[in-house]
Amino acid sequence: MEVIPVIDLLDGLVVHARYGQRQQYQPIRTPLCDTAQPLAIVEQLLSIYPFKTLYIADLNSIMGNRDNLNQIYTISNKFPCLTIWLDRGRFDLLPKQPRIIRVIGTESLNQASFDLLSQTPQPFILSLDFSDNILHGPDRVLKETNCWPKKVIIMNLALVGSKQGPDIQRLNFFKSKWPDKEFIAAGGVRDEGDLNELKELGVYAALVASALHSGAISPAVITRITETGKNRLHTK
């Protein structure tokens with residue numbers, strides 16, 4: 001299972017995301033460094049572990065208020081080891097960037113854009129965005145699953161930054177109903193115990209933020225999760 005660090009960008013700074021209440025997000029305060037500047041945060045995250053993937057949420061773009069694309073392209077250019085999964089809340093195409101993959105969240109979809117989902121020429125990752133038991137976006141997303149890509153994020157916005165644990169029950173439901181998909185857990189991941197539970201469930205990856213900054217998920221934990229038991233999991 002892959003552990004994927006997350007940064008949320010607002011007005012050019014990394015902010016501390018909690019419960020999906022974006023208007024209240026403040027610049028992050030982290031033991032990793034004394035700044036909320038994106039480049040410094042990413043550099044420190046990579047000093048913890050040589051991550052291959054970074055998830056970025058461009059909150060300005062998601063909320064319809066400018067964007068942080070210049071900073072995101074700078075991150076991509078400075079850290080060519082990273083593939084960036086980018087959620088910018090828009091269905092429009094990105095300029096061709098070989099290491100940036102679009103995340104299309106259902107909260108940003110309407111009926112018209114959903115009709116175009118299966119026709120998009122660029123690869124993308126789908127994020128099913130929930131607040132508790134409410135799906136944000138067209139109900140058709142859960143019925144017309146032929147338009148889903150291989151990788152699907154199960155995002156519970158109410159759990160983001162909550163330290164309440166991941167949405168195991170929902171992940172288990174989706175994993176059992178669509179076993180051919182690679183599901184990614186997002187929201188609430190606290191520690192090694194949560195990661196182990198997700199790994200046993202067969203989840204493809206976990207998006208993590210707060211637990212990396214607090215040290216609750218350490219380099220040793222990431223190594224155990226990502227580099228051990230691979231054969232056992234693939235034979236389940």
Side-chain angles (χ1 to χ4, degrees), residues 1 4 6 8-10 17-25 53 55-65 67 84-94 100-162 164-189 194 197-198 201-209:
M1 187 179 77
I4 299 175
V6 174
D8 295 89
L9 294 183
L10 183 65
R18 296 191 68 189
Y19 311 121
Q21 299 172 1
R22 294 169 181 143
Q23 294 83 356
Q24 300 178 26
Y25 290 178
T53 309
Y55 181 103
I56 299 179
D58 185 342
L59 298 181
N60 287 102
S61 184
I62 290 172
M63 296 188 294
N65 178 21
D67 62 50
I84 293 174
W85 293 3
L86 174 59
D87 183 356
R88 59 193 302 259
R90 299 181 186 181
F91 197 77
D92 55 334
L93 301 182
L94 285 168
I100 299 180
I101 300 174
R102 292 188 305 159
V103 174
I104 297 178
T106 56
E107 68 168 332
S108 302
L109 289 176
N110 54 34
Q111 296 294 341
S113 58
F114 178 76
D115 288 336
L116 299 173
L117 201 60
S118 61
Q119 304 172 30
T120 179
Q122 290 183 346
F124 71 97
I125 297 164
L126 179 66
S127 180
L128 300 177
D129 300 327
F130 294 89
S131 284
D132 293 324
N133 292 318
I134 299 173
L135 174 72
H136 295 274
D139 292 338
R140 293 167 56 199
V141 174
L142 298 179
K143 299 175 183 177
E144 300 176 30
T145 59
N146 58 305
C147 66
W148 289 9
K150 181 72 171 178
K151 291 181 173 60
V152 179
I153 297 169
I154 305 299
M155 172 77 72
N156 192 329
L157 294 166
L159 293 177
V160 170
S162 68
Q164 294 180 29
D167 197 343
I168 295 293
Q169 184 175 0
R170 195 184 313 276
L171 284 159
N172 188 43
F173 169 78
F174 278 92
K175 191 77 177 66
S176 60
K177 190 162 185 178
W178 292 280
D180 60 314
K181 301 301 181 184
E182 295 175 343
F183 288 105
I184 296 106
V189 178
D194 286 341
E197 191 169 7
L198 292 171
L201 188 60
V203 169
Y204 174 81
L207 303 182
V208 182

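The analysis underlying the following values was restricted to heavy atoms, covering all of them including side chains, and did not include hydrogens, waters or symmetry mates.
- A pairwise comparison of heavy atoms in S131 and L157 identifies OG-CB, 4.0 Å as the closest pair.
- What you find for I101 and P123 is that their closest heavy atoms are CG2-O, 4.1 Å.
- With N65 contributing its side chain and N60 its backbone, the two residues share no donor-acceptor pair below 3.5 Å.
- Annotation: side chain of I4 is not in contact with side chain of Y204 (no heavy-atom distance under 4.5 Å).
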_Please evaluate residues D115 and R140 with respect to the criterion side chain to side chain contact (heavy atoms under 4.5 Å, CB included), reporting the C-alpha separation (whole Å), side-chain torsions for both, the decisive distance (0.1 Å), and the verdict._
CA-CA 10 Å; D115 288 336; R140 293 167 56 199; 2.7 Å; yes

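- For the atom pair CG (D87) and CG (L59), the distance works out to 8.5 Å, reported to the nearest 0.5 Å.
- The shortest heavy-atom contact between A185 and V203 is N-CG1, 3.9 Å.
- The one candidate from I84, L86, I153 that meets the side chain to side chain contact (heavy atoms under 4.5 Å, CB included) condition with Y55 is I153.
- Closest approach of A206 and M1 over heavy atoms only: CB-CE, 4.3 Å.
- Separating the CZ atom in F173 from the CG atom in D167 is a distance of 12.0 Å, to the nearest 0.5 Å.
- Counting only residues at least two apart or in different chains, side chain to side chain donor-acceptor pair (under 3.5 Å) contacts with residues 171-182 comprise K151-E182.
- Rounding to the nearest 0.5 Å places CG of D139 at 10.0 Å from CZ of F114.
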*Please test L201 against F183 for side chain to side chain contact (heavy atoms under 4.5 Å, CB included), starting from the C-alpha separation and ending with a verdict.*
CA-CA 10 Å; L201 188 60; F183 288 105; over 6 Å; no

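- Annotation for Q169: atom CD does not count as buried by contact number, only 12 or fewer foreign heavy atoms lying within 6.0 Å.
- In this structure, D194 and G165 approach most closely via the heavy-atom pair OD2-CA, 3.8 Å.
- Atoms OG1 and CG, on T106 and L135 in that order, are 4.5 Å from each other to the nearest 0.5 Å.
- Here the CG atom belonging to N133 is positioned 8.5 Å from the CG atom belonging to N156, to the nearest 0.5 angstrom.
- The closest donor-acceptor contact from the side chain of W148 to the backbone of L142 lies at 3.5 Å or more, if one exists at all.
- Of all heavy-atom pairs between S108 and G89, the closest is OG-CA, 3.2 Å.
- Atoms OG and CD, from S127 and E107 in turn, are 7.5 Å apart once rounded to the nearest 0.5 Å.
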